[in-house]
Amino acid sequence: SGRSDLGLSITPPRLSAVHVHEIGDGHLMCVCPPDHELALLDVVSVTDLNHVAHISYAAGTPLGQVIDNVFSDQGLERQFFCEVRHTATALEMARNGLGVALVDSFALIGHQTNSIAIRPTKPALQIKMHGITSKLFPTSNIAMQFQAFLSDYLKHKGALGTERRS
C-alpha cells in the first residue's frame with residue numbers, strides 16, 4: 001500500500017510494487033533454557049530436536065520448509081509438540097522453559113541472552129534479512145540510513161551482536 005517506509009523480512013516477497021534489498025546474513029540458532037540437556041552441547045544437530053519438547057513452525061511457512069528439508073535429507077519426519085508462526089513467539093516460549101526452538105539470529109538482536117542458551121546447529125541453517133521498500137513512493141532518508149546502518153551492523157557484528165573475525 002506504500003504506507004510504510006521500510007519492511008524487514010527473512011523471506012523476500014514476490015511483489016511487483018516493492019524493491020527487495022539484501023541487508024545481511026544470519027542463521028537459525030537453537031535456543032533452550034540454560035539447564036536443558038541440549039545446552040550442554042557446543043553444536044546441536046537439528047535432528048536431535050525430535051527427542052525433546054520442540055517448538056516449531058508450520059510446514060507451510062518458510063522456516064518450517066527449511067527445517068523439514070533437513071529432516072527429509074536424513075530420511076526423517078520432523079516431530080514437535082507445539083507449532084508457532086513467529087520466531088519471537090518461539091523464543092519467548094523457550095526462554096520461559098516450555099521447550100527448545102530454532103530461531104533466526106536476527107530475533108536475538110538486543111535481547112538479554114543470559115536467560116537462555118543459544119547454540120549453532122548442524123547443519124548450519126543460513127538465512128538472509130531483506131529490506132523491502134515501495135516502488136510507488138519515495139523511500140525516506142531515515143529509512144535508507146537505517147538500512148545502511150543495519151547492513152553495516154550485521155556485516156561487522158553479526159546477527160548475535162558479537163564481533164566478527166576476519
Side-chain angles (χ1 to χ4, degrees), residues 1-31 44 46-47 49 54-95 99-111 113 116 118-164 166:
S1 73
R3 294 183 189 169
S4 175
D5 274 346
L6 174 66
L8 299 174
S9 179
I10 57 174
T11 4
R14 290 168 174 59
L15 301 170
S16 61
V18 297
H19 290 288
V20 178
H21 310 276
E22 192 174 294
I23 291 182
D25 298 315
H27 290 87
L28 287 180
M29 305 293 287
C30 180
V31 296
V44 174
V46 174
T47 55
L49 298 176
H54 174 205
I55 302 159
S56 199
Y57 310 96
T61 65
L63 289 179
Q65 292 168 355
V66 166
I67 298 165
D68 276 343
N69 288 341
V70 174
F71 281 92
S72 180
D73 290 348
Q74 300 293 319
L76 300 171
E77 187 175 327
R78 175 172 54 121
Q79 305 292 318
F80 53 90
F81 92 99
C82 182
E83 182 178 288
V84 297
R85 179 101 180 129
H86 303 285
T87 56
T89 306
L91 174 60
E92 288 309 310
M93 290 178 73
R95 184 186 308 276
V100 175
L102 295 178
V103 301
D104 63 85
S105 49
F106 308 120
L108 299 168
I109 295 173
H111 280 271
T113 56
I116 197 157
I118 303 167
R119 300 292 181 266
T121 63
K122 182 175 71 176
L125 302 173
Q126 296 183 334
I127 55 173
K128 295 187 180 297
M129 179 181 287
H130 302 89
I132 304 153
T133 57
S134 174
K135 287 183 180 177
L136 305 175
F137 302 97
T139 303
S140 70
N141 189 37
I142 192 83
M144 298 301 283
Q145 288 178 11
F146 180 75
Q147 280 186 96
F149 170 82
L150 185 55
S151 179
D152 188 58
Y153 178 88
L154 293 173
K155 190 179 300 175
H156 292 96
K157 296 257 187 185
L160 291 177
T162 57
E163 290 293 332
R164 289 209 166 170
S166 302

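Heavy atoms only: backbone and side chains are in, while hydrogens, waters and symmetry mates are out.
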Item to check | His54 side-chain N/O to Gln79 backbone N/O, donor-acceptor pair under 3.5 Å | outcome: yes
Item to check | Any side-chain heavy-atom pair of Ile23 and Gln147 under 4.5 Å | outcome: yes
Checklist entry - Got a sec, which residues hit side chain to side chain contact (heavy atoms under 4.5 Å, CB included) with Lys128, two or more places apart in sequence or on another chain? => result Glu22, Asp25, His130
Item to check | Leu150 and Met129, any side-chain heavy atoms less than 4.5 Å apart | outcome: yes
Checklist entry - Yes or no on side-chain contact (heavy atoms from CB on, under 4.5 Å) for Phe146 and Ile142, after CA distance, side-chain angles and deciding distance? => result CA-CA 6 Å; Phe146 180 75; Ile142 192 83; 5.6 Å; no
Checklist entry - Do Leu91 and Ile116 have side-chain heavy atoms sitting under 4.5 Å apart? => result yes
Next on the checklist: Less than 4.5 Å apart, side chain to side chain, heavy atoms only: is that true for Thr89 and Arg85?
Outcome noted: no
Item to check | From Leu6 atom CG to Thr139 atom OG1, the distance as rounded to the nearest 0.5 Å | outcome: 8.0 Å
Checklist entry - So, for Ala90 and Ala101, which heavy atoms are closest and what is the spacing to 0.1 Å? => result CB-CB, 3.8 Å
Checklist entry - Hey, does Ser56 have a side-chain heavy atom less than 4.5 Å from the side chain of Glu83? => result no
Checklist entry - Mind checking whether Cys30 and Leu49 have side chains closer than 4.5 Å, heavy atoms only? => result yes
Next on the checklist: Quick check on His86: does its NE2 atom have over 12 non-hydrogen neighbours (other residues, nucleotides or ligands) under 6.0 Å away?
Outcome noted: no
Could you list the donor-acceptor pairs under 3.5 angstrom formed between side-chain atoms of residues 57-76 and any protein atom two or more places apart in sequence or on another chain?
unit_1	atom_1	unit_2	atom_2	d
Tyr57	OH	Leu102	O	2.5
Thr61	OG1	Ala58	O	2.7
Thr61	OG1	Gly64	N	3.1
Asp68	OD1	Arg78	NE	2.6
Asp68	OD1	Arg78	NH2	3.2
Asp68	OD2	Arg78	NH2	3.3
Asn69	ND2	Gln65	O	3.3

Checklist entry - Mind checking whether Leu154 and Phe106 have side chains closer than 4.5 Å, heavy atoms only? => result yes
Next on the checklist: Does Gln145 have more than 12 heavy atoms from other residues, nucleotides or ligands lying within 6.0 Å of its CD?
Outcome noted: yes
Checklist outcome for this item: CG of Leu8 to NE2 of His21, rounded to nearest 0.5 Å, is 11.5 Å
Next on the checklist: Can you confirm whether more than 12 heavy atoms, excluding those of Met144, are under 6.0 Å from its CE atom?
Outcome noted: no
Checklist entry - Are the side chain of Thr121 and the backbone of Val44 linked by a donor-acceptor contact shorter than 3.5 Å? => result no
Item to check | side chain to side chain contact (heavy atoms under 4.5 Å, CB included) involving Pro138 - partner list, sequence neighbours excluded | outcome: none
